[in-house]
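As structure tokens, the structure follows; a few thoughts come after it.
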There are 2 protein chains.
Amino acid sequence: MVAQETRDRVLDAVRQTGYRPNALARSLRQQESRNLGLVITDLNPFHATLAKGVQDAAEQYDLNVILFTSDESERKERRALETLRSHMPQGLILIPTAHTREHQALLQGLPVVELDRVSGISEAHSVQVDNVGSARSAVQHLTELGHRRIGGIFGHQTVSTATGRLQGYKDALRGAAIPFDPALVQFGDYREASGHEAALHLLSLPANVRPTALFVSSHEMTVGAVLAVRELGVRIPHDVSVVGFDDSRLMQILEPPMTVIAQPTYDLGQAACHTLVSLVRRRAEASVAGTATEPGKKVLLPAPLIVRHSTGPPCDVTTPPSLELST
Amino acid sequence: MVAQETRDRVLDAVRQTGYRPNALARSLRQQESRNLGLVITDLNPFHATLAKGVQDAAEQYDLNVILFTSDESERKERRALETLRSHMPQGLILIPTAHTREHQALLQGLPVVELDRVSGISEAHSVQVDNVGSARSAVQHLTELGHRRIGGIFGHQTVSTATGRLQGYKDALRGAAIPFDPALVQFGDYREASGHEAALHLLSLPANVRPTALFVSSHEMTVGAVLAVRELGVRIPHDVSVVGFDDSRLMQILEPPMTVIAQPTYDLGQAACHTLVSLVRRRAEASVAGTATEPGKKVLLPAPLIVRHSTGPPCDVTTPPSLELST
DNA sequence: ATGAAAGCGCTAACAC
DNA sequence: GTGTTAGCGCTTTCAT
């Protein structure tokens with residue numbers, strides 16, 4: 001609602017002086033920025049894909065992403081949250097760590113969506129993969145092939161993804177009437193070396209208790225496990241079947257191509273952003289209408305099983321692995 | 001310089017009110033934030049590693065990184081630069097695109113370090129890999145094995161890394177007195193599909209001109225090329241030697257393990273950050289001393305050749321590949 | 001050693 | 001329609 005002439009005069013001045021609006025001053029005045037905070041635990045291919053999902057979605061809402069990495073460290077997470085707060089973001093997307101609950105105060109009043117994992121703060125909104133269900137379907141795939149001694153390699157049980165995947169493993173065993181055997185379960189730190197070590201241990205058990213199949217619940221541990229299998233001269237899937245976690249070019253190219261649980265990583269990031277935005281919006285409305293805060297919304301994305309050639313019937317039940325499903 | 005009593009009184013108040021300094025207001029007042037802008041062209045494992053290097057270094061200087069992705073798009077790059085400017089960063093680390101030169105005005109007066117590539121703005125500071133030298137050593141490795149028909153798969157020559165690597169390829173040929181043959185050179189977009197296609201083309205040439213070795217100048221194109229080789233039923237290194245680009249778990253695990261040029265990706269990111277900070281500091285001093293602006297500083301990091309098992313003597317020269325170097 | 005005031009660049013509210 | 005003003009939270013300067 002400005003006269004054409006004034007409009008042109010202003011636009012001219014803008015061009016001549018090279019005027020650029022200052023986002024900081026704007027945010028300060030409005031008490032709210034066009035930023036959104038994203039705190040991830042590391043910057044590896046998985047997290048990069050998550051971040052890309054978040055960024056691409058954020059762009060649609062004209063939001064900038066301020067990225068921090070906590071490296072699972074309490075100090076770094078605290079610093080990240082403090083810094084973020086002081087930048088007045090609209091909200092926060094956070095991969096929680098073991099320390100997040102101590103930092104709850106830093107999140108007070110800020111819309112937060114927990115991504116990939118869950119901190120245990122019950123009101124928190126979250127977007128994650130169906131860890132229980134996906135692990136269950138992985139292990140069920142193995143029981144259906146006839147495996148009864150199935151080794152499981154999981155993350156430390158301080159992280160919700162790790163407890164969920166262990167739960168799914170147990171569920172599947174129960175479903176197949178196979179007793180849970182703690183000797184077949186190993187815990188690592190989601191990194192390659194620990195998967196390597198765990199697989200080495202499991203495959204070195206005496207022949208009568210040695211697992212005929214392995215479910216490895218993280219991408220990097222899967223790589224480690226496959227390398228361990230190779231070192232031992234054991235053949236996949238003839239001597240041992242392996243279901244890995246997280247799909248990638250590497251999993252597809254391995255010899256043999258791996259059967260995996262494929263996380264919808266990019267979608268996870270996008271969903272987190274969409275969830276956050278709708279949360280922010282509902283909040284804005286609620287503050288007008290004066291509605292009470294609703295409980296945390298939990299989004300669960302399925303992670304399908306992709307059957308390739310690293311799984312087959314156990315070799316003591318014989319039937320050579322001739323009729324496998326192809327990709 | 002405050003009385004102890006006042007100090008305590010203030011600190012108490014801080015605790016009770018839950019006071020948090022506002023970075024925005026501070027930046028506005030000081031006309032400078034503790035932020036640094038990082039604009040990358042994509043968010044894949046390579047760029048994630050770059051970003052991690054930048055972040056880790058930035059942390060030492062107590063700087064936050066604001067990350068943007070340009071996706072090589074002129075619109076997105078412009079938006080990223082505009083947004084960044086309005087956040088008053090101390091400086092900018094930028095992977096330039098074909099459009100960066102058009103956006104030079106947006107960079108006016110801001111310390112900028114170009115990362116990985118170079119835009120051609122001569123005064124710009126830059127941190128990159130020694131593309132010419134590394135490609136030269138890759139191809140020289142092949143000529144020394146006895147190859148004379150060496151296929152080259154490069155990126156489009158609009159990007160400095162691509163021109164540099166082609167240059168190195170030519171240099172190495174000249175050094176071995178092998179004439180440059182345009183028919184042996186293919187150009188892709190650094191992505192897997194284009195590497196696949198290029199390799200398919202080169203390996204389908206008539207036997208008398210078909211290359212006995214391939215130098216593939218990007219990581220993803222290398223994957224594509226290896227897949228193409230497999231599809232054709234050609235054996236590496238017996239029928240064709242391949243030197244790939246960028247090391248990774250995938251390159252190490254491929255059958256056979258790949259000979260590659262290993263970019264010091266993380267270091268590249270770190271170096272960019274260090275360069276930027278020293279640039280900012282020298283600038284601050286110069287503004288006091290009134291010194292003239294110095295020319296752009298170019299940092300060149302070496303990318304060593306790692307010889308594994310994907311390269312050997314050409315098979316028409318015979319001598320079976322028995323005496324290879326191991327990792 | 002402490003308090004007071006001005007102003008960074010912006011927007012919301014109000015008067016003209 | 002257009003011009004003016006106050007104030008977001010901080011730092012710097014100046015006065016006490």
Side-chain angles (χ1 to χ4, degrees), chain A residues 1-37 61-64 66 79-92 105-111 280-281 283-285 287-288, chain B residues 1-37 61-64 66 79-92 105-111 280-281 283-285 287-288:
Chain A
M1 26 177 149
V2 182
Q4 190 55 244
E5 190 234 1
T6 322
R7 169 176 225 89
D8 293 345
R9 209 148 41 85
V10 170
L11 257 42
D12 252 24
V14 165
R15 232 155 296 152
Q16 296 202 3
T17 47
Y19 168 84
R20 302 254 151 236
N22 182 321
L24 263 42
R26 167 195 283 245
S27 303
L28 181 59
R29 174 63 235 235
Q30 314 224 104
Q31 293 295 68
E32 177 146 280
S33 70
R34 294 302 302 170
N35 300 328
L36 138 189
Y61 299 112
D62 194 34
L63 288 167
N64 307 311
I66 309 192
R79 279 213 31 174
L81 296 179
E82 283 171 352
T83 310
L84 272 172
R85 274 232 87 133
S86 77
H87 281 264
M88 307 186 144
Q90 303 230 334
L92 214 64
L106 284 170
L107 303 175
Q108 268 311 324
L110 196 65
V280 169
R281 290 203 179 138
R283 229 164 172 271
E285 286 163 22
S287 78
V288 174
Chain B
M1 25 173 150
V2 182
Q4 191 54 244
E5 190 234 2
T6 322
R7 169 177 224 88
D8 294 345
R9 212 147 41 86
V10 170
L11 257 43
D12 253 23
V14 165
R15 231 154 297 152
Q16 296 200 2
T17 48
Y19 168 83
R20 302 254 152 236
N22 183 320
L24 263 43
R26 166 193 284 243
S27 302
L28 180 58
R29 175 61 234 239
Q30 313 220 105
Q31 295 293 69
E32 175 145 280
S33 71
R34 294 301 302 169
N35 300 330
L36 136 190
Y61 299 111
D62 194 34
L63 288 167
N64 307 311
I66 308 192
R79 280 213 31 174
L81 296 178
E82 282 171 353
T83 310
L84 271 172
R85 275 232 88 136
S86 78
H87 282 264
M88 306 186 146
Q90 304 230 333
L92 215 64
L106 284 170
L107 303 174
Q108 269 311 324
L110 196 65
V280 169
R281 291 206 177 133
R283 229 163 170 270
E285 286 162 22
S287 78
V288 173

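Per chain, numbering begins at 1; letters A, B, ... match sequence-line order. Note that this is a predicted model, so its numbers are computed, not measured.
- Direction of the helix axis in the helix from C:dA1-D:dT16 to C:dC16-D:dG1 shifts by 50° between the two five-pair termini, rounded to 10°.
- If you take CD1 on B:Ile66 and CG on B:Leu92, they are separated by 10.0 Å, rounding to the nearest 0.5 Å.
- Separating the CG atom in B:Leu36 from the CG atom in B:Asn64 is a distance of 9.0 Å, to the nearest 0.5 Å.
- A distance-only check finds no donor-acceptor pair linking the side chain of A:Glu32 to the backbone of A:Ser27 [under 3.5 Å].
- Separating the CE atom of B:Met88 from the C1' atom of C:dG9 is a distance of 8 Å, rounded to the nearest angstrom.
- Between B:Leu84 atom CG and B:Leu110 atom CG the span is 8.5 Å, to the nearest 0.5 Å.
- In this structure, the separation between CG on A:Leu28 and CG on B:Leu28 is 6.0 Å, given to the nearest 0.5 Å.
- In this structure, B:Tyr61 OH and B:Gln90 CD are separated by 12.0 Å, a value rounded to the nearest 0.5 Å.
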Return the polar atom pairs (N/O with N/O) between nucleotides 2-4 of chain C and the protein under 3.5 Å, or none.
from: C:dT2; atom 1: OP1; to: B:Thr6; atom 2: OG1; distance (Å): 2.3
from: C:dT2; atom 1: OP2; to: B:Ala3; atom 2: N; distance (Å): 3.0
from: C:dT2; atom 1: OP2; to: B:Thr6; atom 2: OG1; distance (Å): 3.4

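- In this structure, the side-chain contact (heavy atoms from CB on, under 4.5 Å) partners of B:Gln108, at least two apart in sequence or on a different chain, are B:Arg85.
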In a table with atom names and distances, give each donor-acceptor pair under 3.5 Å that connects a side chain of residues 14-25 of chain A to protein atoms at least two apart or in another chain.
from: A:Thr17; atom 1: OG1; to: A:Ala13; atom 2: O; distance (Å): 2.6
from: A:Asn22; atom 1: OD1; to: A:Leu24; atom 2: N; distance (Å): 2.7
from: A:Asn22; atom 1: OD1; to: A:Ala25; atom 2: N; distance (Å): 3.1

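- Contacts of A:Arg29 classified as side-chain contact (heavy atoms from CB on, under 4.5 Å), with partners at least two apart in sequence or in another chain: none.
- Nucleotides of DNA chain D with any atom under 4.0 Å from a heavy atom of chain B span, from 5' to 3', D:dG9 to D:dT12.
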For nucleotides 10-16 of chain C, give me one character per nucleotide, 5' to 3': B if any protein heavy atom sits under 4.0 Å from the base, S if the only such contacts are to the sugar-phosphate, - if neither. BBS----

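- B:Arg26 pairs by the side-chain contact (heavy atoms from CB on, under 4.5 Å) definition with B:Gln30, not counting sequence neighbours.
- In this structure, the side chain to side chain donor-acceptor pair (under 3.5 Å) partners of A:Asp62, at least two apart in sequence or on a different chain, are B:Arg79.
- Legend: residues meeting side-chain contact (heavy atoms from CB on, under 4.5 Å) with B:Glu5, ordered by chain and number and at least two apart, are B:Arg9.
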